[in-house]
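This report concerns only the one structure given below.
These numbers come from the heavy atoms of this one structure, side chains and all, not from hydrogens, waters or symmetry mates. A, B, ... follow the sequence lines: proteins, then strands. Residue 1 opens every chain.
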Protein chains: 2
Amino acid sequence: MPTKTYLSLLRQLASCYQAFESYSAGHIRSLGLTPAQFDLIVTLGNTAGMNFKELGEKTLITKGTLTGVVDRLVAKGLVRRLASATDGRSQVVQLTEKGAALFARVFPAHLEHLKPAFARFGSSDLEQAEATLLRLRQAFEEARGRGN
Amino acid sequence: MPTKTYLSLLRQLASCYQAFESYSAGHIRSLGLTPAQFDLIVTLGNTAGMNFKELGEKTLITKGTLTGVVDRLVAKGLVRRLASATDGRSQVVQLTEKGAALFARVFPAHLEHLKPAFARFGSSDLEQAEATLLRLRQAFEEARGRGN
DNA sequence: TATTGTTATACTCTATAACTATA
DNA sequence: TATAGTTATAGAGTATAACAATA
């Protein structure tokens with residue numbers, strides 16, 4: 001396999017993600033949230049809440065950072081901390097009423113913001129693209145698992 | 001088009017990029033560089049240098065941030081600033097001998113690190129994946145250009 | 001007047017590790 | 001001993017805007 005080929009694929013992946021991020025982040029910031037904060041709100045949306053460990057696994061934010069991100073969302077009144085009923089060391093983070101209302105308002109709005117980008121994609125295009133990305137992701141995860 | 005479909009494609013894109021980033025960033029940090037610094041070194045590699053404006057366009061780092069990133073690379077002795085010959089306001093950033101030597105050593109090593117992930121991709125797989133990402137990227141750029 | 005790069009401000013995220021309270 | 005979350009530290013990227021020098 002020629003080096004040049006996978007290198008240009010990687011460049012495309014990075015450019016594509018950056019294009020998505022820059023398109024998406026502009027809208028998120030206009031809501032007064034950072035991408036990490038939005039990620040947390042969306043992860044907590046339509047759930048009864050979850051502890052820091054689960055939240056860290058889903059968002060890929062490490063626990064030290066997570067404390068700070070949650071602090072800022074608490075300060076905005078969007079989430080609250082509750083003691084876990086089953087584990088005295090553990091806390092549950094959940095959306096407040098205000099946070100749930102924000103989620104209910106901004107998540108659909110964010111999807112509407114993203115939707116026009118897919119105007120020319122039919123459902124088979126979408127499925128094919130998703131399959132390609134899945135395969136690529138698994139390739140990285142396997143290589144990582146092999147300790148490369 | 002069902003909302004669910006493009007949403008899951010976007011999740012795949014984010015997961016895929018994160019898998020790449022985490023696989024790639026580990027290696028970059030082991031070289032004592034941050035991803036942004038590595039990006040700059042690679043961008044400047046095999047060139048005679050470029051000014052801040054060009055550098056910002058290629059790396060998508062805004063000019064305010066760029067001053068700081070370049071400062072840190074200057075402190076490491078990897079790049080230098082030169083006054084532009086043609087524009088008194090402008091400066092050219094170029095790799096020092098030490099920076100060029102680092103580039104010559106780490107860029108191929110980084111490609112070797114990435115290569116095993118593509119073990120099961122044939123050249124038609126790579127081309128197809130690249131075409132998919134290109135199409136997706138253009139969709140975001142067009143939507144952004146339309147001011148969505 | 002517009003552009004290039006610097007500086008300043010204030011915030012946010014990252015990595016790491018020591019620490020506490022509980023399991 | 002191990003785990004959940006907090007705190008502390010130091011560094012790095014982000015957005016924004018004001019600014020000096022030059023075009």
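- Residues forming a ring pair (Phe, Tyr, Trp, His ring centres under 6.0 Å) with F38(A) (at least two apart in sequence, or on another chain): H110(A).
- Contacts of F20(B) classified as ring pair (Phe, Tyr, Trp, His ring centres under 6.0 Å), with partners at least two apart in sequence or in another chain: F140(A).
- Nucleotide dC13(C) holds its C1' atom 14 Å from the CD atom of E21(B), rounded to whole Å.
- Using modelled atom types and a 3.5 Å distance limit, the side chains of T132(A) and Q128(A) yield a donor-acceptor pair.
- When atom types are taken as modelled, the side chain of H113(A) and the backbone of Y23(A) share a donor-acceptor pair closer than 3.5 angstrom.
- Both M50(A) and F52(A) are part of a single hydrophobic cluster, where members link through side-chain heavy atoms under 4.5 Å apart.
- Under the 3.5 Å distance criterion, the side-chain polar atoms of S24(B) are left unmatched by any main-chain donor or acceptor of E21(B).
- With Y6(A) contributing its side chain and L111(B) its backbone, the two residues share a donor-acceptor pair below 3.5 Å.
- A heavy-atom distance below 4.0 Å to DNA chain C is reached by these residues of residues 55-64 of chain B, ordered by number: K63(B), G64(B).
- Put simply, CG on D87(B) is 14 Å from C1' on dA20(D), counting in whole angstrom units.
- The pair E142(A)-R120(B) counts as a salt bridge, with a side-chain nitrogen and a carboxylate oxygen less than 4.0 angstrom apart.
- Closest contact between the side chain of R89(B) and the listed nucleotides dG5(C), dT3(D), dA2(C) involves dA2(C).
- Using a cut-off of 4.0 Å between Lys/Arg side-chain N and Asp/Glu carboxylate O, R135(A) and D125(B) are scored as salt-bridged.
- Residue S90(A) places no side-chain N or O under 4.0 Å from the OP1 or OP2 atom of dT3(D).
- Among dA23(C), dT7(D), dG5(C), the nucleotide with an atom closest to any side-chain atom of T67(A) is dT7(D).
- From one end of the helix from dT1(C)-dA23(D) to dA23(C)-dT1(D) to the other, with five pairs defining each end axis, the axis direction shifts by 0° (rounded to 10°).
- Judged by distance alone, with hydrogens and angles left aside, the side-chain atoms of S90(A) form no donor-acceptor pair with the main-chain N or O of D87(A) at under 3.5 Å.
- Judged purely by atom type and a 3.5 angstrom limit, T59(A) uses its side chain to pair as donor or acceptor with the backbone of L55(A).
- Nearest-nucleotide positions on DNA chain D for G88(B) and G68(A) put G68(A) closer to the 5' end.
- Panel note: side chain Q91(B), backbone A83(B); no donor-acceptor pair is recorded below 3.5 Å.
- Between R144(B) and S22(A), the side chains place a donor N or O and an acceptor N or O closer than 3.5 Å (distance only, hydrogens not considered).
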**Item:** salt bridge (charged side-chain N to carboxylate O under 4.0 Å, His left out) between E54(B) and K58(B), intermediate numbers included
**Value:** CA-CA 6 Å; E54(B) 290 172 288; K58(B) 299 213 180 199; over 6 Å; no

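- Taking atom CG of L66(A) as the reference point, atom C1' of dG5(D) lies 10 Å away to the nearest angstrom.
- When rounded to the nearest whole Å, the span between CD of E54(B) and C1' of dG5(C) equals 14 Å.
- Rounded to an integer number of Å, the gap from K53(B) NZ to dA2(C) C1' is 11 Å.
- For DNA chain C, the neighbouring residues in residues 70-85 of chain B, judged by any heavy atom under 4.0 Å, are R81(B).
- Only N51(B), F52(B), listed by number, bring a heavy atom of residues 34-52 of chain B to less than 4.0 angstrom from any atom of DNA chain C.
- Here the C1' atom of nucleotide dA21(D) and the CD atom of Q91(B) are 12 Å apart, to the nearest Å.
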